[in-house]
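Here is how names work: the chains are called A, B, and so on, in the same order as the sequence lines, proteins then strands, and each is numbered from 1.
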Amino acid sequence: MAVTRLKRSSILDDPKYISFLAGNTPYSAGVFESIGTVTVGAGGASSVTFSSIPSTYKHLQIRLTATPTSADNFAFQFNGDTAANYSYHYLAGSGSSATAGNGVSISNGYLGYASTASYPTSVILDILDYSNTSKYKTTRDLLGNDANGSGYIMLSSSLWSNTAAISSILLKCDAQSFISGSTFALYGVK
Amino acid sequence: MATTYDPIATQTLGSASASVTFSSIPSTYTDLIIVSNAGSTVTTNDYIRFNGDTGANYSWTRIYGTGSAAGSSRGTNTNEGFIGDVTTTLATEILQIQNYTNTTTYKTVIARSSNSSSAVTASVSTWRNTAAITSITLLPGSTTWIAGSTFTLYGIKAA
């Protein structure tokens with residue numbers, strides 16, 4: 001039977017369906033949503049920023065695969081804060097030994113050490129309760145790179161001593177740049 | 001907004017098996033995640049291979065804690081990537097494989113493995129191949145996965 005006319009009053013609003021076929025699965029909004037993606041273009045980038053982050057999620061996750069122009073630390077800053085409001089701890093495996101370190105009252109959070117410019121470094125960064133204005137912000141991340149004889153696997157946690165909701169995240173190296181093709185994706189968790 | 005974290009496939013072993021393979025992986029996602037709760041017939045390490053590649057095209061670095069010691073080790077020119085420690089007690093492991101369809105870079109896996117009977121481990125493995133990943137094989141070293149082991153493959157799609 002052909003559809004010749006569709007009246008607005010005849011459209012059911014609830015439940016929402018993903019197609020007009022009878023018996024289809026009702027639409028269900030996801031709890032893990034992609035907010036934005038950045039792929040570094042030709043010429044590289046000294047930093048990557050996610051700005052105007054919506055406050056409607058519960059947590060954030062950044063998934064990145066990036067290569068520095070030369071071995072360097074990966075780091076981040078929130079809301080453009082470049083002051084000494086960050087601290088961190090890390091546990092690192094170098095392939096020969098397990099070591100730990102920390103930083104106090106520094107100008108950025110710490111992701112880990114990208115020890116090679118020849119192989120990509122993968123990072124999963126979790127930022128829990130990012131929009132809560134009653135607490136400082138704690139992050140945790142897993143970073144890894146392996147260049148067939150060198151490399152690091154690291155677990156890190158950082159603290160941003162600020163109760164402001166996070167509305168922007170800047171990702172950078174200490175001194176180097178990200179090469180073309182490095183990718184950064186921001187996700188929101190409801 | 002469409003869901004971004006999709007279950008692609010799940011395998012639950014009804015009997016012991018030497019390996020588990022996810023094949024014909026769709027290329028429509030950005031990253032892959034494998035979540036497993038698995039055990040092995042004897043205590044061993046577990047490993048990962050891509051696209052059926054059994055050549056010496058992998059390398060890895062790991063950090064581990066056994067309850068009495070912490071350490072780190074690596075493997076070079078190995079025939080598989082490294083995940084963690086598995087025993088007859090089920091281990092929980094989460095593997096992250098980012099940009100798996102990228103055809104210009106080598107592939108990196110970062111993983112966390114937790115086994116209360118053996119060790120907690122974090123590892124990174126590199127597959128020195130720029131091919132897009134279309135299949136993933138998970139295998140315990142020189143033994144078998146036990147019945148009841150579960151493995152789930154998820155796809156994450158960036159905007």
Counting only N and O atoms by type, is there a donor-acceptor contact under 3.5 Å from the side chain of [X] to the main-chain atoms of [Y]?
X: B/Thr4; Y: A/Phe32; value: yes
X: B/Asn77; Y: A/Asn148; value: no
X: B/Ser72; Y: A/Ser94; value: yes

Ranking B/Ala122, B/Ala158, B/Gly65 by heavy-atom pairs under 4.5 Å to chain A gives rank one to B/Ala158
For A/Ile153 and B/Ile110, the nearest pair of non-hydrogen atoms, with its separation, is CD1-CG2, 4.5 Å
Looking only at heavy atoms, the pair that brings B/Lys157 and A/Ser34 closest together is O-CB, 3.7 Å
Answer with yes or no whether the hydrophobic clustering places [X] together with [Y]; edges join I, L, V, M, F, W, Y residues whose side-chain heavy atoms lie under 4.5 Å apart.
X: B/Phe50; Y: B/Leu138; value: yes
X: A/Phe50; Y: A/Ile124; value: no
X: B/Tyr106; Y: B/Leu32; value: no
X: B/Tyr154; Y: B/Ile8; value: no
X: B/Ile97; Y: B/Ile156; value: no

Region of [X] in contact with chain B, defined by heavy-atom distances below 4.5 Å:
X: A/Leu186; answer: neither
X: A/Tyr187; answer: side chain
X: A/Ser97; answer: backbone

In terms of heavy-atom pairs under 4.5 Å with chain B, the winner among A/Gly36, A/Ala185, A/Ala92, A/Gly144 is A/Gly144
Of the listed A/Leu91, A/Thr121, A/Leu64, A/Thr99, the one with the largest count of heavy-atom pairs under 4.5 Å with chain B is A/Leu64
State, yes or no, whether a side-chain contact exists between [X] and [Y] at a heavy-atom distance under 4.5 Å.
X: A/Asp146; Y: B/Thr108; value: no
X: B/Ile33; Y: A/Arg63; value: yes
X: B/Ile63; Y: A/Leu155; value: yes

Applying a strict 4.5 Å limit to non-hydrogen atoms, the region of B/Ser123 in contact with chain A is backbone
The interface call for B/Tyr58 against chain A, heavy-atom contacts under 4.5 Å, is backbone
Output for pair (B/Asn102 CG, A/Thr39 OG1), nearest 0.5 Å, gives 9.5 Å
- Query: Does CZ in B/Arg112 sit with more than 12 non-hydrogen atoms of other residues, nucleotides or ligands closer than 6.0 Å?
  - Reply: no
